[in-house]
Amino acid sequence: MNYDFSRVEKKWQDKWYQEHSFKAVDFHPTKPKFYVLYEFYNISGNLHMGHLKGTIPADALARYKRFCGYNVLYPIGGDAFGLPAENAALKTGINPHDFVANGMNLAMEQSKKFGLSCDWERTFATSDPDYFRWTQWIFLKLFEAGKAYKKKAYVNFCPNCNTVLSNEDSQNGRCDRCNGEVVQKERWVWFLKMQEYSEKLLGNIERISMPDSLKESQRNWIGKSEGITLSLDIVDEDNNKLDVIKIFTTCIETVYGVTFVVLAPEYRLVDKLLSHIDNPDSVAQYRSDTSLRSEFDRISDIKEKTGCRLEGLYAVNPMNDERVPLFIADFVLANYGTGAVMAVPMHDQRDYDFAKTFEIPLIQVIEGDCNNHAVEKSEYLYSDALMMNSAEFTGLPVIEAKEKIVAKVIGMGVATKTVNIKMGDWPFNRQRYWGEPFPVVFCEKCGTVGLDEADLPLLLPGTKDFSPTENGDGPLSKIESFVNCKCPKCGGAAKRETDTMPNWAGSSWYWLRFVDPHNNDCLADIDKLKYWGSVDCYTGGTEHITRHVLYAFFWQNFLYEIGVVPTRDPFIRKMGSGLILDDEGKKMSKSSTNGVSPMEIINKYGTDVTRLHLHFLGGYEDSTRWTFKGIEGITSFVNKVWSLQEMVNGDKISKQHIYDINRLIKKVSEDIENLQLNTAIAAFMSFIKNIRVDGFITKDELRVFLILLNPLAPHITSEIFECVYNSQILSEEWPKYDERYIVEDIVTVALQVNGKLSKTITVTRGLSKEDLISEINRQFPNTIGTDVKKVIHIMDRILNVVK
RNA sequence: GGGCAAGUGGCGGAAUAGGUAUACGCGCAGCACUUAAAAUGCUGUGACCAAAAGUCGUGCGGGUUCGAUUCCCGCCUUGCCCACCA
C-alpha cells in the first residue's frame with residue numbers, strides 16, 4: 001500500500017496548528033534557545049517556488065533543533081508595505097488594506113501546507129498599525145538623535161507618471177511602470193545618517209558568519225577607500241587667486257600628469273565664481289542639460305564624455321605651479337569624494353576619453369604601453385614600472401614614489417590623508433501612499449517637529465485616489481484632513497509630511513518584534529530580547545540581500561546605542577538561498593510566465609515528496625533548476641519509507657545494521673546543521689536499500705530512522721510513528737551515535753603504480769605498511785616487482801609504488 | 001569596467017586539511033512477474049574497443065607533487081551583484 005498524502009498531511013497540519021505544537025516559550029526554564037528565521041514574505045499573492053526553496057531548509061533546521069533539546073523560535077510574517085499592494089490599488093482599485101489582508105491569509109494558509117513548524121501566534125505584517133507604530137517610533141528616535149535630516153537632492157523622476165522612482169524602479173533608466181525615460185529632478189529628500197555607521201557596519205560584517213560573496217559585496221557597497229585630499233588654488237587669467245578647491249584621489253603618484261581639473265555640474269563653487277567665468281551662458285546651458293539627461297544616457301554613453309569648460313578660470317597644480325583648465329562634466333559625481341577630480345588622462349581611461357574629446361594634452365608619468373589608451377592603476381601599481389616626467393621622483397619605482405609624494409604633499413600643507421566612503425546616507429522617503437507615514441510635521445514657527453510618542457501610530461487616512469500629483473508629490477498630499485494639523489510643540493497650524501517611508505523600513509528591524517510581537521509599551525521587552533538574543537540562523541533569498549542586511553545592521557546598531565536592544569549584531573549566521581530557475585536556467589519570478597506554483601506540485605505529489613524533491617535537486621546556497629525529472633525517484637523512496645511499517649521484525653540485529661544506523665545518524669545530523677540536505681537524502685536512500693536487502697528493520701531502528709527523517713518529511717514520519725509506537729514523534733529526542741560503531745573492520749586499499757590505480761585489495765583495518773605489502777605479494781605476486789624506487793603508504797587508503 | 005561564485009556522465013548532482021572521480025537519483029538497455037501494459041523487483045550503464053587488456057577522461061593551457069576535480073599561474077564561458085566611485 002502506498003503513502004496516502006492527502007489524508008495524512010492534512011491531518012498533521014491541522015493537529016500542529018490546533019495544538020500549537022511549535023510554540024516558542026519565552027524564558028524557558030531548562031532548554032537553551034535557538035532562533036531560526038526565514039526572511040518574511042513580500043506579500044503579493046500566492047507564494048512562489050523561491051519561498052518554498054528558501055523556507056523548508058529553515059524548517060528542517062528548526063525541527064532538528066527541537067529534537068536536540070532547544071527551545072526554538074521559528075516565526076514568519078509579511079513584508080506588506082510597498083509596491084505590490086500599491087500597484088494593485090492603482091490598477092484595479094482594490095484597497096491596499098484588503099489586498100494585504102488577503103495576501104497574508106493566503107501566505108499563511110500556504111505556509112501551513114508547506115508543513116512549516118512556525119509559531120503562528122507571533123505572525124504579523126509590517127503594515128499592521130501595532131507594528132508600524134514602532135517603525136515610526138524608531139524614525140522618531142533617529143530624528144531626535146539628529147540622524148534623520150532633510151535636504152535637497154537629485155532623484156530619479158518619471159515625467160510620464162509624475163513619480164519619483166527608487167533605483168530599483170528605474171533599471172536601465174526606464175520607468176518600471178510605463179517604460180518611459182527617467183530624468184533627474186531636484187527634490188527635498190529625507191536622509192538617514194548611515195554613512196557615519198560605516199565602521200560599525202564593517203564590524204558587523206567581520207563578526208557575523210555569512211558567505212564570503214555576501215561579505216565582499218557588502219564591503220564593496222560601503223566602498224571604503226583610502227587616498228589623499230589635495231587642495232588646488234583657483235585663479236583667473238591674471239593669476240589672481242579666487243578660491244581653493246579640494247579633490248580626492250587614490251592615485252596621488254600621478255599628480256605630475258594632471259592636465260585639467262573637473263567639477264561635478266552641481267558643484268556649488270561654480271555659482272560663486274559665475275561672474276569670473278567668460279562663458280556663463282554655456283555653463284548654465286550645460287548644467288540644465290545634464291539635469292534633464294536621463295540616467296540611461298549617462299550610463300550608456302560612457303565613452304562619449306560631455307562637459308563644459310569654465311573659460312577664464314584655471315586650477316593650479318601645487319606640485320609644479322602649472323595651471324590647467326577647469327571643466328564641469330557629468331562623469332564626475334557630486335556625491336562622491338569632494339565632487340571634484342584631478343584629471344590624469346594618461347593614467348585614467350575616463351580622463352583619457354574626456355581629453356580626446358576636448359583636445360587636452362596628455363602627460364605620461366609612469367612607464368607602460370599607452371597606445372590609444374590610458375595606463376591605469378591596475379596595470380602599473382604592482383609592476384616594476386618607473387616614474388617619468390615627475391621632477392625629483394622620475395626614475396623611482398611607483399610604490400616608492402607614491403610614499404614619497406604623499407610625504408611631500410602633506411609636508412607642503414596642501415593635502416591630508418583621507419578615508420572615503422562610497423556609501424552615502426540612506427534616502428528614506430517615497431512619494432507613495434502605501435507606506436509608513438512620517439511622524440513629523442512642519443510648523444512655520446517651530447520648524448520640523450516630531451510627534452509625541454503617545455500619538456503613535458500615525459495612521460494612513462482612507463482614500464480612493466492613489467496617484468501622485470502633477471509635480472510628483474505623493475497621494476497623501478491631496479488629503480487636506482491629513483495634511484493640515486496642529487504643531488505638537490506650539491499648537492499652531494502645521495502641515496504633515498506627505499511622503500511615506502520606503503519598503504526597506506519595516507524590514508530593517510522585524511526580527512526584534514518576533515521576540516515580543518504583542519508588546520504595547522515598547523518595540524520589544526528588553527529581557528525577552530536578551531533571552532532570545534541574535535538570530536542564530538537567518539535564511540533568505542539573495543535578492544536585495546546586500547542592502548537589506550546593511551540596513552538591518554544600521555538600525556540594530558542605532559537601537560543598541562539608545563539602549564533598547566542588547567547587542568549590535570542582529571544575526572549570528574546569515575545564509576543566502578540560491579535562486580530557483582526554470583528549465584532553461586532563467587530566474588523564476590512571479591512577474592514572468594515561467595513560474596511553477598508550489599501549491600500545484602503539493603496538490604499533485606504531496607508536501608513531503610515536494611519538500612524532499614526540492615532538497616534533493618541541489619544545495620541550499622546553489623541556484624536550482626526546477627524540474628519534475630526525478631520526482632518519481634522521490635515518490636518511490638517515500639513509498640518505501642511507508643512500507644517500513646510492514647518490515648518491523650523482532651530483535652535480530654547484525655553488525656552491519658549497527659554500523660548503518662550509527663553512520664546515518666552522524667551523516668544526517670551534520671548535513672542538517674550545514675543545510676546540505678541533498679546528501680542527507682542520499683544517505684536515507686542507501687540505508688533503506690540495505691534494509692530492503694535484509695528484509696527487516698527492528699523497532700528501535702525504525703524509531704531512529706523516523707526521527708532523523710522527520711525534519712525533512714514531517715508528515716509521513718509523524719504518521720508512521722503514531723501507528724507503530726502509539727505515541728507522538730515530537731516528544732522524542734534526537735538520537736546519538738557512537739563513534740565506535742562507525743569504524744569498519746574491513747577496508748579496501750587502492751594499490752597504485754606511479755600514482756595510477758592498478759588494483760584494489762580488501763584487508764583488515766589498520767594494517768601496517770609491511771603487512772600490507774606481504775599481503776599484496778601473496779594475493780598479487782607480480783604487482784609490486786623489484787625495481788621500486790619508493791613506496792608511499794597512507795593507512796587504510798593507498799599504497800603507491802614509484803618505479 | 002569592477003567584485004564574487006561556478007564549470008564533473010545523456011540529465012540533477014556526489015567526492016576537496018591533495019589519496020580508489022562520477023555516491024544518490026533520473027534517464028536508457030536487458031531480464032523477471034504479466035495474455036499484455038502499467039506498477040514493482042533484479043542486473044547493467046563515463047568515452048574509445050566486439051570483448052579482454054589498455055588508453056583517455058572533472059571548461060582550456062601550463063606548473064607544484066609519488067599522486068591534482070581539489071593547490072598555484074595564465075585564459076575561456078556562464079550566472080549573480082555593483083557600476084563614469086576618481
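Chain A is the first sequence line, chain B the second, and so forth, proteins listed ahead of strands; every chain is numbered from 1.
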Worksheet item: Which comes earlier along RNA chain B counting from the 5' end, the contact point of A/Gly633 or that of A/Asn220, where each point is its nearest nucleotide?
Response: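 Checking each residue's closest nucleotide, the 5'-ward one belongs to A/Asn220.
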
Worksheet entry | Pairwise 5' ranking along RNA chain B for A/Asp351 and A/Phe616, keeping only the more 5' one |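 It is A/Phe616, whose closest nucleotide lies nearer the 5' terminus.
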
Worksheet item: Is any N or O donor-acceptor pair between the side chain of A/Lys305 and the base of B/rC84 shorter than 3.5 Å?
Response: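 Looking at the base of B/rC84, it does pair with a donor or acceptor on the side chain of A/Lys305 (distance under 3.5 Å).
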
Please tell me which of the listed nucleotides, [options], lies nearest to the side chain of [X]?
X        : options                : answer
A/Leu757 : B/rG3, B/rA21, B/rA15  : B/rA21
A/Ile792 : B/rU20, B/rC66, B/rC81 : B/rC66
A/Asn800 : B/rG19, B/rA86, B/rA15 : B/rG19
A/Lys790 : B/rC66, B/rC81, B/rU20 : B/rC66
A/Lys422 : B/rC82, B/rA86, B/rC24 : B/rC82
A/Met685 : B/rC66, B/rC82, B/rG25 : B/rG25

Worksheet entry | Contact under 4.0 Å: A/Arg625 side-chain N or O vs B/rC11 OP1/OP2 |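 For B/rC11, neither OP1 nor OP2 has a side-chain N or O of A/Arg625 closer than 4.0 Å.
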
Worksheet item: Under 4.0 Å: is that the gap between some side-chain N or O of A/Lys629 and OP1 or OP2 of B/rC11?
Response: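 Answer no for this pair, as no side-chain N or O of A/Lys629 is under 4.0 Å from OP1 or OP2.
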
Practice prompt. Applying side-chain hydrogen bond (donor to acceptor under 3.5 Å, both in side chains), name anything that partners A/Gln779, two or more places apart in sequence or on another chain.
Written response: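 Testing A/Gln779 for side-chain hydrogen bond (donor to acceptor under 3.5 Å, both in side chains), a comparison that skips the adjacent residues, returns A/Glu775.
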
Worksheet item: When rounded to the nearest Å, what value does the distance between C1' atoms of B/rG9 and B/rG46 take?
Response: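 Taking atom C1' in both B/rG9 and B/rG46, they lie 5 Å apart.
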
Worksheet item: Using purine N1 to pyrimidine N3 plus N6-O4 or O6-N4 for Watson-Crick, or N1-O2 and O6-N3 for G-U wobble, both under 3.5 Å, which nucleotide pairs with B/rC48?
Response: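 Answer to the pairing question: B/rG54, which forms a Watson-Crick or G-U pair with B/rC48.
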
Discussion item. Let's test this: given Watson-Crick or G-U wobble pairing with both distances under 3.5 Å, identify the partner of B/rU40.
Written reply: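 B/rA32 is the nucleotide pairing with B/rU40.
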
Discussion item. Both conditions, 6.0 Å and 45 degrees, for the charged tip of A/Lys305 above the ring of A/Phe331: are they met here?
Written reply: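 Pair A/Lys305/A/Phe331 counts as cation-pi.
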
